[in-house]
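Before any comments, here is the structure.
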Amino acid sequence: MDFIVEAAVKAIKHLYDTDVAPGDVNLQETRKEFEGQVTVVTFPFTRFSKKSPEQTGVEIGTFIQNELKEVSGFNVIKGFLNISLADDYWITQLYHTILPADFASFKPNGAKVMVEYSSPNTNKPLHLGHIRNNLLGFSVAEILAAAGYEVIKTNLVNDRGIHICKSMLAWQRFGNGETPESSGLKGDHLVGKYYVLFDKEYKKQIEELKAAGQTEDDAKKNALLIKEAQQMLQQWEAGDEEVLSLWKTMNRWVYTGFAETYKELGVTFDKFYYESDTYLLGKDIIEEGLAKGVFFRKDDNSVWIDLTEEGLDEKLVLRSDGTSVYMTQDMGTAQLKYNDFHMDRSIYVVGNEQDYHFKVLFTILKKLGKQGSEGLFHLSYGMVDLPSGKMKSREGTVVDADDLMAEMQQTAKVQTDATGKVDGFSEEEKLHLYHIIGMGALKYFLLKVDPKKRLLFDPNESVDFQGHTGPFIQYTHARIRSVLNRAGLLDIAGAAAYDQLAPEERDLIVALTQFPEAIKLAADTYSPAIIANYVYELAKTFNKFYHEKSILQAEDEASKQFRLQLSAASGKVINKGMKLLGIEVPERM
RNA sequence: GGUCCCAUAGCUCAGCUGGAUAGAGCAACAGAUUUCUAAUCUGUAGGUCAUAGGUUCGAAUCCUAUUGGGAUCACCA
């Protein structure tokens, strides 16, 4: 649409002898109730024209129509110049822009971006909150890749620390040698079971101590189990053979379980980092920061940064005993990642509860003048809450990721079987379809919402399969495929005679042309929701067209071939758009 | 207490850098299938865009304050 903007600029120069920047021309899609496809807002130009908005619109419109052969007409309503482009223009768009294989594929832009997401703890299985994280991270990575970036997907696994020791200790104490094999439990679930058990026993001990007269705080510190867990962590850090062996065994169980969950979710990673490797990093950066005067040392030997000027607090970066804190580690890890990949941008997909942490981390790295620090971004997303409140693994009040995915596929099965459309499918095809649809419903449900908004999930209200949902879009795709399969070989040349567009056809082409802009906007704002909503609008537009116009029974051969081309283009864009969300589309459903 | 985020129809959400009469889906009601997949389509009903000011030709959108909800401010990660 740049050519319209250019023509408008030229019109204003010619008519009112004023130079305006292309950015000053406000171009928008014409609202459905008016004639035309693009609209120029004329209010800003009245100060140059010294005329009414209507008259200004007519003058600019007249100029543009004379200037551009693509413009077939215009109307002005209350200062809005609605421009109609000729059918020929839209048909050309379909053939020469949309249908070619390279439509909406951006040239490599030479920039490298890292997307870090998932970042699980190895003491418990993944839950719904992690699903949101994983889907967001994966989708953002896909979108950035589509927008021309070179993308590296990383997963920083939190595989050490006191919480891991809690699971280990509880297993050691109460597990009786239970293994995934002996219990039939998925490894991550088995370990999670002992994490919950630890908390239960720990609470019991706290109550006992309180009954014996201790305050709550004292009881929490003095309970035998927590002391043992702390001791275990020290042994781990000291490299105790037995503890390390247990740690390795239990983590292996967890990784086997995670791998299954990731596979089911359809997410992948290019590089794993482990905190057990990185938790000691960052100390050299402390020295560097002290030398540069960015950090300062207090009398007790602890190291701090003063960020009060930035509206933040003083922040500890190294303990008085010389050991690292979370911030130290993250500084070190950031450096490590940069050394490994030299990326221009680095996206951290982490919940909004860590907004403060990342603000501080990025500020520190910038103050240190670290390479790549200008490209740091925290993709902060809202928590997934239940009607009962926040999910807490410790207390078992979570929607488990594996359970939820299984449930979604079960619901998909019920809904699909009820239609009777899959009777001819093999058992394998059916299972595959249930998977595609169930996961499509879940993924779309989570991705259509703006990432930064918190999400309420009611387990008692099932995720919809109708309306503004993944299955709606998948269905539209299956519908298109069905028609195309019936049509057999397409004949573009046969469509050449078609030169008069019906409104539904024009609307559909207009919608299709907007795909690249949607990708660009989604990439710039790191928001899969943009793509989700775009694809939904497109599917709706197609369904309307499908309903109004017969394809295979079209009036004549040219109409039929044209509509087949239009359908094929729609199917491709839906497929590609859904792929950016990590959602598959079926051939039949 | 300081800081950050959020608030749009009964419910779940769109609304791009300020632009026309604020849009979808679900739920409710009424319709459409001798015709390419009805997981679809059409229509009806549903709004003080949290509140109050301000900036502007023009504000759901920008600014300020207030209210409500959430998060965070550890020598935890």
Side-chain angles (χ1 to χ4, degrees), chain A residues 23 26 28-34 39 41-44 46-47 53 77-80 82 121 158 160-163 275 279 298 300-304 311-313 315-321 323-327 329-330 351-357 359-360 380 382-383 385 390 412 415-416 418-419 421 437 441 445 448-450 452-456 458 461 464-476 478-487 517-518 521 524-525 529-530 532-534 536-537 539-540 543-544 546-554 560 563-564 567 588-589:
Chain A
N26 187 340
Q28 51 190 271
E29 197 183 345
T30 304
R31 298 182 66 132
K32 289 268 180 288
E33 55 278 30
F34 303 107
T39 294
V41 183
T42 63
F43 295 103
T46 52
R47 17 192 279 261
I77 297 166
K78 291 167 73 177
F80 293 91
N82 303 320
N121 291 338
N158 187 344
R160 51 136 255 135
I162 190 76
H163 48 293
E275 273 195 25
Y279 81 107
K298 287 194 177 176
D300 66 359
N301 224 26
S302 58
V303 180
W304 298 71
L312 304 164
D313 302 317
K315 191 80 189 170
L316 177 90
V317 291
L318 194 72
R319 291 194 189 98
S320 50
D321 64 6
T323 57
S324 307
V325 289
Y326 182 35
M327 193 62 71
Q329 253 183 71
D330 262 9
N352 64 9
E353 56 198 354
Q354 296 202 36
D355 284 356
Y356 185 80
H357 172 77
K359 217 183 227 181
V360 172
S380 161
M383 297 287 99
D385 290 328
K390 210 178 163 177
Q415 302 255 350
T416 304
T419 66
K421 289 174 185 168
I437 296 176
F445 174 79
K448 76 173 178 184
V449 182
D450 183 339
K452 67 172 179 281
K453 291 199 175 171
R454 59 192 277 261
L455 208 61
L456 190 75
D458 188 344
E461 272 180 44
D464 281 328
F465 283 66
Q466 273 150 17
H468 189 180
T469 66
F472 169 93
I473 298 166
Q474 291 173 321
Y475 175 74
T476 307
R479 212 177 207 187
I480 292 170
R481 294 305 310 163
S482 171
V483 173
L484 292 173
N485 284 331
R486 278 169 186 273
E517 297 159 42
L521 185 61
D524 289 347
T525 58
I530 306 268
N533 286 296
Y534 167 77
Y536 171 65
E537 287 299 328
K540 260 207 317 187
N543 280 327
K544 173 123 183 161
Y546 178 88
H547 210 262
E548 297 295 323
K549 297 289 164 194
S550 190
I551 300 168
L552 297 176
Q553 310 298 323
K560 177 178 161 186
R563 286 176 193 157
L564 284 170
S567 301
R588 289 169 64 195
M589 71 183 271

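It should be emphasised that the depicted structure is a prediction, and the values quoted were computed from it without experimental measurement. Lettering follows sequence order; numbering is per chain, from 1.
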Item to check | Residues A:Asp450 and A:Lys452 bridged, charged N to O under 4.0 Å | outcome: yes

Checklist entry - Stems in RNA chain B: runs of 3 or more consecutive Watson-Crick or G-U pairs, distances under 3.5 Å? => result B:1-7 with B:67-73, B:10-13 with B:23-26, B:28-32 with B:40-44, B:50-54 with B:62-66

Checklist entry - What about A:Thr469: does its side chain form a donor-acceptor pair under 3.5 Å with the base of B:A39? => result no

Checklist entry - Under 6.0 Å from the six-membered ring centre of A:Trp304 and within 45° of its axis: does the NZ or CZ of A:Lys298 meet both? => result yes

Checklist entry - Counting side-chain heavy atoms from C-beta on, which of B:A22, B:A77, B:C73 comes nearest to A:Arg31? => result B:A22

Item to check | Min side-chain heavy-atom separation A:Leu312-A:Tyr356 under 4.5 Å | outcome: yes

Checklist entry - Could a donor-acceptor pair under 3.5 angstrom be found where the side chain of A:Ser320 meets the base of B:C75? => result yes

Item to check | Residue closer to the 5' end of RNA chain B, A:Asn543 versus A:Asn158 (nearest nucleotide) | outcome: A:Asn543

Item to check | Face-to-face stacking of A:Phe43 with B:G19, centres under 5.5 angstrom, angle under 30° | outcome: yes

Checklist entry - Considering only B:U37, B:C16, B:A77, which nucleotide approaches the side chain of A:Gln329 most closely? => result B:A77

Checklist entry - Stacking check: are the rings of A:Phe34 and B:A20 less than 5.5 Å apart at their centres and under 30 degrees in tilt? => result yes

Checklist entry - Out of B:C6, B:U37, B:C16, which has the shortest distance to the side chain of A:Gln28? => result B:C16

Checklist entry - Any stacking of A:Phe465 on B:A39, going by centres under 5.5 angstrom and planes within less than 30 degrees? => result no

Checklist entry - With A:Thr525, which residues qualify under side chain to side chain contact (heavy atoms under 4.5 Å, CB included), at least two apart? => result A:Leu521, A:Ser527, A:Ile530

